[in-house]
Amino acid sequence: MNAAPTIERIELHRIEVPLVRPFETSFGRETVREVLLVHVLTDAGEGWGECVAGRDPFYSGEYVDGAASVIERYLGPALLDVHRAGRHEAGHRASDAATAAEGPGSRGASVPLAASVAPTLAFVAGHRMAKGALEAAVLDAELRAQGRSMGELFGAARAWVDCGVSVGIAPTLEELLDEVMGYVEEGYRRIKLKIKPGWDLVPVGAVREELGPRGLLQVDANTAYTADDIPLLARLDAFDLLLIEQPFAEEDLATHILLAEACETPVCLDESILDTTTAIDAIERGATSVVNIKPGRMGGYLEALRVHDACRALDVPVWCGGMLETGVGRAANVALAALPGFTLPGDTSASGRYFAEDVTEPFVLGDGEHRGQLRVPDAPGTGVTVREELVREWAGTAPVVLTR
């Protein structure tokens, strides 16, 4: 195997991007998306990655301040230390690490620098979102240098992917229905409703009535319920949903199993799925029959690919979740959603769903036969160009620069 590129510089850019409308879930309400972008420069090129952590540690234990700190203090220096000994030696170390971690015939074997990120950073417990952002930036840089797209590396099976849209908790039922039908008119092929105790049966029933029996509809509880709510959640069967997503705490597989036994609606896990091991365990225990794959939550796209492959081998459908990503993260997610195991529409919405202006060229829904779909980027790396002038304009703080 040829030596991998070497990392020479890591930049952390924190930007604030206004949302076109507030986005409310069971754990909070956002009007501005604070984003941590990671810019990696190697001796062969550069790449960008996006950390999906939120401003506050409400959805996850990871949050932007923490992610930036752990990258600056531990993860970034560890990656740079590997390359401090010299380019030739560092490149071969990365290649050896990739082969050990991925195996000679895997996707990761062809991107040895990106495949070396996870084993290099394994000494830090957790912090998957921070690690995933670094891996994504390195992967983007490495693929650009090779002239290959993420879709090509991943094994994309189609050039366009079906798009769903996630709809937050609205101030009123009337406003919810207006928002939902607006997305239907735009062409979105699936509606996902955020629910919480006190905002569940009535809004779901109202949206089902508006969509009609053929409209694809699912709900996401973001861990807001407890075992006492199983009888209530089972009543959602009346609305012919695609799935109910993560109603209970991420550590609580037992209650998800009880719900799966009590209702006909498929139970989908999101926050509980951290990697291939947890996915297989949850499936085999009957806690889930559908898996939401979020690469940032799993520590990166290479692990997300392994989860996809494991679910496909078990004949379990998967779909690509969203974390209000800018075009940087959205581009990679769209490429991932083009894999054959992604049989349900994901949260890969158009840029305009969240942002009036994006940090890359915008993702726009197709028309005609591609109505309600996004095109998979086919240029090298993520296939999109970061608008660095907007990164500077939207900067909340000065960038952090780490060098060898």
Side-chain angles (χ1 to χ4, degrees), residues 17 33 35 37 47-52 107 111 114 132-133 135-137 139-140 143-144 148-166 183 186-192 216 270 291-298 300-305 307-309 311-312 317-355 357-387:
V17 189
R33 178 66 172 163
V35 180
L37 296 177
W48 290 82
E50 179 171 348
C51 181
V52 297
R107 299 180 186 90
V111 281
E135 185 199 87
L139 182 60
D140 183 34
L143 286 172
R144 287 178 189 271
R148 294 197 295 156
S149 69
M150 285 196 174
E152 180 183 346
L153 171 71
F154 294 168
R158 45 192 176 266
W160 292 80
V161 299
D162 289 350
C163 296
V165 63
S166 181
Y183 294 135
E186 289 181 41
Y188 283 102
R189 299 191 174 195
R190 183 269 287 153
I191 299 294
K192 180 174 86 172
L216 300 184
D270 174 358
V291 170
N292 176 353
I293 293 183
K294 287 180 179 172
R297 192 191 62 233
M298 297 174 177
Y301 287 90
L302 296 180
E303 183 63 24
L305 291 171
V307 173
H308 163 270
D309 294 348
C311 290
R312 193 178 182 207
V318 301
W319 57 283
C320 186
M323 302 279 281
L324 280 70
E325 290 92 346
T326 69
V328 175
R330 193 172 308 275
N333 285 352
V334 171
L336 183 70
L339 268 67
F342 287 82
T343 56
L344 298 173
D347 289 340
T348 47
S349 308
S351 298
R353 160 64 183 92
Y354 297 111
F355 311 115
E357 195 166 17
D358 208 338
V359 295
T360 68
E361 55 269 42
F363 281 84
V364 179
L365 293 177
D367 52 23
E369 66 176 309
H370 297 299
R371 178 175 167 80
Q373 295 183 313
L374 289 181
R375 186 175 181 83
V376 180
D378 56 8
T382 58
V384 295
T385 301
V386 172
R387 300 169 64 187

*Asks:* Answer yes or no: is there a donor N or O on one side and an acceptor on the other, between the side chain of E361 and the main chain of T385, under 3.5 Å?
*Replies:*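 Looks like yes, one N/O pair under 3.5 Å.
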*Asks:* Given R144 and T382, is the side chain to side chain contact (heavy atoms under 4.5 Å, CB included) satisfied, shown in steps?
*Replies:* CA-CA 8 Å; R144 287 178 189 271; T382 58; 3.1 Å; yes
*Asks:* Is D358 reaching over with its side chain to a backbone N or O of G327, donor-acceptor style, under 3.5 angstrom?
*Replies:*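 Present.
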*Asks:* Distance-only, no hydrogens or angles: does the D140 side chain make a donor-acceptor pair with backbone N or O of W48 under 3.5 Å?
*Replies:*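 At least one qualifying donor-acceptor pair exists.
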*Asks:* Provide the full list of salt bridge (charged side-chain N to carboxylate O under 4.0 Å, His left out) pairs with a residue in residues 330-349, sequence neighbours left out, each pair given once.
*Replies:*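 Non-adjacent pairs meeting salt bridge (charged side-chain N to carboxylate O under 4.0 Å, His left out): R190-D347, K192-D347.
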*Asks:* State which residues pass side chain to side chain contact (heavy atoms under 4.5 Å, CB included) with R189; sequence neighbours excluded, sorted by chain then number.
*Replies:*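 Residues passing side chain to side chain contact (heavy atoms under 4.5 Å, CB included) with R189: D162, Q373.
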*Asks:* Any side-chain heavy atom of P295 sitting closer than 4.5 Å to one from N333?
*Replies:*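 Counting from C-beta outward, P295 and N333 do come under 4.5 Å.
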*Asks:* What heavy-atom pair brings A350 and V364 nearest, and what distance separates the two atoms?
*Replies:*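 Residues A350 and V364, closest heavy atoms: CB-CA, 4.3 Å.
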*Asks:* Donor-acceptor pair, distance only, cut-off 3.5 Å: does the side chain of E325 make one with the backbone of E50?
*Replies:*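 Answer holds: no.
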*Asks:* Please round to the nearest 0.5 Å and tell me the distance separating atom CG of L365 and atom CD of E186.
*Replies:*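 It comes to 6.5 Å.
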*Asks:* How close do A335 and M150 get, counting heavy atoms only, and between which atoms?
*Replies:*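 A335 and M150 have their closest heavy atoms at CB-CB, 4.1 Å.
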*Asks:* Just wondering, do Y188 and P345 contact through their side chains at under 4.5 Å, heavy atoms?
*Replies:*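 A side-chain contact is absent here, since even the closest heavy-atom pair is not under 4.5 Å.
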*Asks:* Which residue in the set V52, T326, V328, L324 passes side chain to side chain contact (heavy atoms under 4.5 Å, CB included) when paired with V35?
*Replies:*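 Filter result, single survivor: T326.
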*Asks:* Minimum heavy-atom separation for D270 and K294, please, with both atom names.
*Replies:*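 Closest approach of D270 to K294: OD2-NZ, 2.8 Å.
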*Asks:* Is R387 paired with E357 through a side-chain N to carboxylate O contact shorter than 4.0 Å?
*Replies:*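 Salt bridge between E357 and R387, a charged N being under 4.0 Å from a carboxylate O: yes.
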*Asks:* Any chance you could measure C320, atom SG, to N292, atom CG, to the nearest 0.5 Å?
*Replies:*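 The distance works out to 7.5 Å.
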*Asks:* Step by step, would you call R148 with V111 a side chain to side chain contact (heavy atoms under 4.5 Å, CB included)?
*Replies:* CA-CA 10 Å; R148 294 197 295 156; V111 281; 3.9 Å; yes
*Asks:* Looking at S349 and G164, would you say the former's side chain and the latter's main chain have a donor-acceptor pair under 3.5 Å?
*Replies:*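 Yes, S349 side chain to G164 backbone: donor-acceptor pair under 3.5 Å.
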*Asks:* Apply side chain to side chain contact (heavy atoms under 4.5 Å, CB included) to the pair V17 and Y354, showing each step before the final yes or no.
*Replies:* CA-CA 9 Å; V17 189; Y354 297 111; over 6 Å; no
*Asks:* Okay, side chain of R107, backbone of G155: is any donor-acceptor separation there less than 3.5 Å?
*Replies:*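 Such a contact is absent between R107 side chain and G155 backbone.
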*Asks:* Could you grab the distance from atom CG of L305 to atom CG of L153, nearest 0.5 Å is fine?
*Replies:*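 So the CG of L305 and the CG of L153 are separated by 7.0 Å.
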*Asks:* Do T348 side-chain atoms and C163 backbone N/O form a donor-acceptor pair below 3.5 Å?
*Replies:*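 Between the backbone of C163 and the side chain of T348 there is no qualifying donor-acceptor contact (under 3.5 Å).
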*Asks:* Using every non-hydrogen atom in the two residues, find where W319 and G346 come nearest and quote the distance to one decimal.
*Replies:*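 For W319 versus G346, the nearest heavy atoms are CE3-CA, 3.9 Å.
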*Asks:* CE of M323 to OG of S166: how many Å apart, nearest 0.5 Å?
*Replies:*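 Answer rounded to 0.5 Å: 11.5 Å.
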*Asks:* State the NE2-CG distance between H308 and L336, to the nearest 0.5 angstrom.
*Replies:*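 These two atoms lie 7.5 Å from each other.
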*Asks:* Between the side chain of R353 and the main-chain N/O of Y183, is any donor-acceptor distance below 3.5 Å?
*Replies:*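 Not a single qualifying donor-acceptor pair exists.
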*Asks:* Would you check if the side chain of H370 reaches a backbone N or O of R375 as a donor-acceptor pair within less than 3.5 Å?
*Replies:*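 Side chain of H370 to backbone of R375: no pair is present.
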*Asks:* Quick check: closest heavy atoms across G49 and A137, and the distance to 0.1 Å?
*Replies:*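 Scanning both residues completely, I find the closest heavy atoms to be N-CB, 3.4 Å.
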*Asks:* Checking F355 now: which residues fulfil ring pair (Phe, Tyr, Trp, His ring centres under 6.0 Å) with it, not counting sequence neighbours?
*Replies:*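 F355 satisfies ring pair (Phe, Tyr, Trp, His ring centres under 6.0 Å) with no other residue.
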*Asks:* Taking all non-hydrogen atoms of both residues, which atom of W160 and which atom of G366 are closest, and how far apart?
*Replies:*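 Nearest heavy atoms, W160 then G366: CZ3-CA, 3.9 Å.
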*Asks:* Would you confirm whether R312, through its side chain, and V318, through its main-chain N or O, come within 3.5 Å as a donor-acceptor pair?
*Replies:*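 Not at all, since once roles are kept as given, no pair shorter than 3.5 Å links the two residues.
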